[in-house]
Each structure stands twice: as structure tokens, then as C-alpha cells.
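Only this structure's heavy atoms are used, side chains among them; waters, hydrogens and symmetry mates stay out. These figures come from a predicted structure and were not determined experimentally. A, B, ... follow the sequence lines: proteins, then strands. Residue 1 opens every chain.
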Amino acid sequence: MMDCKQIREVLDLYIDHELSTEAMFSADVHLSECIACRRALLNLERMRHAVRTVVSSHEPPPTLERKVRYKLFSRWRPGSMLGIAASFLLLVFISAMFVHQARTYWADQLESWACRIDKPHEVMLEGKIECRDCKLHERYDVPAMCSTKGHHGALETPDGKIWNFLESKSSEALIHDATLLGKRIRVRGRLFRESGDVQVDSYQIL
Amino acid sequence: MGGEGTGTPMPGRKKLFDQIALPHLVSLYRTARQLAGPDKAEDLVQETLLCAWKHFNSFDPATNCRAWLFRILRNVWVSHWRKSRLELPLFEEGDIQFEPYYDWEDEILWNEIPERIETALRQLPVEYRWAILLADVEGFSYQEISRTMDCPIGTVMSRLNRGRRMLGRLLKAQCQSGEPDSPQGVFSEKTRGKS
């Protein structure tokens with residue numbers, strides 16, 4: 001049978017129900033007979049109860065569960081939305097680059113939009129005089145008749161676009177004078193984006 | 001391990017997690033609050049449940065979900081939340097020595113101590129605090145506490161024994177002085193760590 005010293009040493013195991021069956025029985029017998037050890041047990045139980053009461057009194061904020069559910073279960077988390085958007089853009093880019101119809105469609109759309117937002121207006125353009133027909137042949141393999149009809153001057157701007165000169169006194173040399181081919185010029189006039197033409201008011205060879 | 005790395009868990013798993021894991025949010029919170037403080041408890045709980053959700057595919061629903069969640073809480077806390085190692089090491093090496101109860105507990109006025117409990121808990125070495133929270137608040141067995149804290153059962157017994165003794169001394173000192181006492185004033189030679 002246990003004595004007071006032994007009980008005091010195993011009081012934690014007793015109160016936590018971690019003693020063997022035989023030890024629990026022996027402890028019960030002693031506790032039924034010893035007031036001092038029963039009081040020690042009661043005090044330990046009171047302390048445990050007080051700890052449990054105080055710690056359990058703190059409830060989580062009402063928003064915590066909602067926040068957790070959103071983070072765990074939301075189908076539209078910022079991370080996944082970003083991934084979806086990035087995947088979509090990549091798909092558009094790939095289709096634009098490698099599918100001819102898509103390329104044509106997007107090019108037409110961008111051109112149409114540019115024409116809508118850029119009405120004919122006065123401009124100053126810088127670029128190089130190039131033969132329009134030679135450029136078409138070079139880029140798109142269109143047959144050029146320059147050997148029989150002569151070169152036809154046009155303005156190539158730094159973005160690679162070819163602008164046709166509208167026939168006028170101011171532009172006559174730019175269109176027909178082959179010695180100007182390859183020269184850099186600055187043109188003042190009006191730009192007609194929809195038809196790809198520029199009306200020359202004046203120009204300066206750079 | 002399953003979870004987000006292998007794709008979104010099926011709707012059935014989501015419902016299961018909702019049924020068996022999320023109800024323990026309150027338990028996790030009150031323990032987290034004692035370990036990380038009221039300001040950081042929410043973050044600790046969110047991180048714990050997020051980690052649990054990521055690894056939920058590997059959890060066997062037939063086992064104790066609450067114990068599993070508290071192991072994750074412990075791991076998350078150890079990985080990211082434990083304060084600096086400046087705390088004195090616990091004297092746990094060598095033979096486990098238990099401190100028997102004495103009659104000084106009678107001097108504590110139990111109906112006055114609830115408001116002093118949290119102060120005293122904060123003053124305990126954190127591993128003693130863990131043991132007391134898991135045993136006295138959450139009701140885990142020594143075996144479960146041993147798995148949660150990843151230490152032998154003997155160490156669990158020692159931490160509970162010393163933690164409760166220390167808590168009692170802290171409460172007694174507070175009751176006698178009328179204000180929270182410093183930890184050093186109630187440390188016995190047995191519990192003072194080696195430097």
C-alpha cells in the first residue's frame with residue numbers, strides 16, 4: 001500500500017489517470033484514509049480547473065473561421081486568378097505567333113483600332129526614302145516592275161511601316177527621283193493612317 | 001504528400017475537412033493564444049490549418065484528428081514562431097526527479113487566482129507551458145503529448161510535474177505579494193537551468 005511520500009510523488013500520474021490499475025487502487029485506498037493527501041489532490045485539481053477555465057475563456061474572433069475557410073477553400077484565390085490570367089495571355093500570345101489566321105485577325109484588329117483613335121492630322125515624320133515596290137518584293141515576294149517602270153519612292157519610318165506619298169508638286173521628287181533612294185528625310189504634312197498615305201507639305205533631306 | 005501540390009482535393013475531402021478538422025479551430029486558437037500571444041494567435045492558427053489542408057490527403061480519418069492538428073500546430077510553432085533560444089535550458093538531463101507536493105498549496109486563495117493564471121502561465125518555461133496546456137486544458141494522454149512534443153513519455157511526466165509545481169509557486173508568490181512575481185524569485189535549485 002502507498003504511503004504519503006509515494007502518493008505525493010505520483011499525484012500527477014494519479015490525476016492524469018496514467019497509473020497502472022494496481023497503483024490506482026493502492027492510491028485510492030490511501031487517499032480514502034489520509035486527509036492531508038486528499039487535500040493535496042483537491043488543490044491540484046483546483047489548479048488544473050482554474051487553468052482550464054481561464055485558457056478556455058478566450059474565444060477566437062468571429063471572423064477567424066471565415067478567413068480560414070476563404071484561404072483554404074476559395075476557388076478564386078488571388079494566386080489562382082493570377083495563374084489563370086497568365087495562362088490565358090500565354091495562350092493568346094502563342095496563337096497570335098503561330099496561327100496565321102489568328103495573326104491576321106489580331107493585326108487587323110490592332111490596325112482598325114489605330115485608325116479609329118488616330119484621325120488624319122498634321123505630322124512631322126522622319127524616315128528613309130525607299131522604293132515601295134522593291135520593299136514589297138523583299139518582304140512579301142511580290143513581283144517588282146522597277147526595271148521597266150522605274151522605282152517608286154515611299155517613306156519607311158523607324159517602325160518599319162511604309163507610307164505612300166500622295167502625288168503633288170511637293171512630293172514629285174520624293175516619288176520619282178531615284179537619287180533620293182536611301183536618303184533620310186524629315187517630312188511635314190498630313191498622315192492618312194487608314195489608307196497608309198502621307199500628304200507632303202514640305203520636306204528636308206537630313 | 002497530397003494537397004495543393006498534386007491538385008485541388010476533391011469536394012468530398014473538402015467536406016470531410018470541414019466536418020472533422022475545422023471544429024477544432026477553437027481548441028487550436030486557445031492554445032495558440034497562450035504560446036504566441038493574442039496578436040499572433042490568429043496567424044498561427046491559420047498557418048496550422050493551411051498546413052493541415054495541404055497534407056490532408058495523407059491523414060487517415062480513422063485516427064485522432066485533434067491530436068494530428070496539435071502536432072501540426074507544434075511543428076508550425078517550432079518552425080516559425082518559437083522565440084529566440086535565449087530562454088534558459090530546462091534542467092531535464094540525467095535522472096528524472098519528481099517534485100512531491102507540499103502543504104503550501106493550502107495558502108492559495110483559489111477563488112482569487114483566475115486573473116493571475118495567465119500571468120503565471122506566461123512566466124513558465126515554454127515547454128512546461130506546452131505540457132500543461134496539452135494535459136490540463138486539452139486533456140491529451142501522456143502518449144499523445146509525447147507524440148505532439150516529440151519527446152519521451154518520461155520527459156512529458158517530468159515537464160508536467162515541474163510545470164505544475166512551478167505554476168503553484170508562481171501563484172502563491174503572486175497571492176502573497178499582490179502582484180506578479182519574477183520567475184527567478186520562485187525558481188528552485190532543481191529547476192534552475194545550467195548556463
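B:Arg129 places a side-chain N or O within donor-acceptor distance of the main-chain N or O of B:Gln34, the cut-off being under 3.5 Å. Side-chain atoms of A:Ser26 come within 3.5 Å of backbone N or O of A:Met2 as a donor-acceptor pair. A donor-acceptor pair under 3.5 Å links the side-chain atoms of A:Ser32 to the main chain of A:Val29, judged by distance alone.
Scanning both residues, B:Met157 and A:Leu13, for their nearest heavy atoms gives CE-CD2, 3.8 Å.
There is no contact between A:Thr53 and chain B, counting heavy-atom distances below 4.5 Å. Contact annotation for B:Ile132: only side-chain heavy atoms (C-beta onward) come within less than 4.5 Å of a heavy atom of chain A. Residue A:Glu18 touches chain B through its side chain alone, counting heavy-atom pairs closer than 4.5 Å. Both the backbone and the side chain of B:Leu49 come within less than 4.5 Å of a heavy atom of chain A. Heavy-atom distances place no part of B:Ser27 under 4.5 Å from chain A, backbone and side chain included. Of the atoms belonging to A:Ile7, not a single heavy atom falls under 4.5 Å from chain B. Residue B:Ile153: no heavy atom, backbone or side chain, is found under 4.5 Å from chain A. In this structure, chain A has heavy atoms under 4.5 Å from both the backbone and the side chain of B:Glu42.
In this structure, B:Arg159 fails the cation-pi test against B:Trp130, since its NZ or CZ atom is not both closer than 6.0 Å to the six-membered ring centre and inside 45 degrees of the ring normal.
Among B:Leu171, B:Asn161, B:Leu124, the single residue meeting the side chain to side chain contact (heavy atoms under 4.5 Å, CB included) criterion with B:Met166 is B:Leu124.
A:Lys67 and B:Gln46 are not linked by any side-chain donor-acceptor pair at a separation below 3.5 angstrom, with hydrogens and angles left out of the test.
A heavy-atom distance below 4.5 Å is not found between the side chains of B:Val45 and B:Leu73.
Heavy-atom pairs under 4.5 Å with chain B were tallied for A:Asp16, A:Val51, A:Thr63; the largest tally goes to A:Asp16.
Contacts between residues 193-206 of chain A and chain B, defined by a heavy-atom separation under 4.5 Å, are made by no residue at all.
Contacts classified as salt bridge (Lys or Arg N to Asp or Glu O under 4.0 Å) and involving residues 20-31 of chain A (residues at least two apart or in different chains) are not found.
Note: A:Phe192 and A:Trp163 fail the aromatic proximity criterion, with ring centroids not under 6.0 Å apart.
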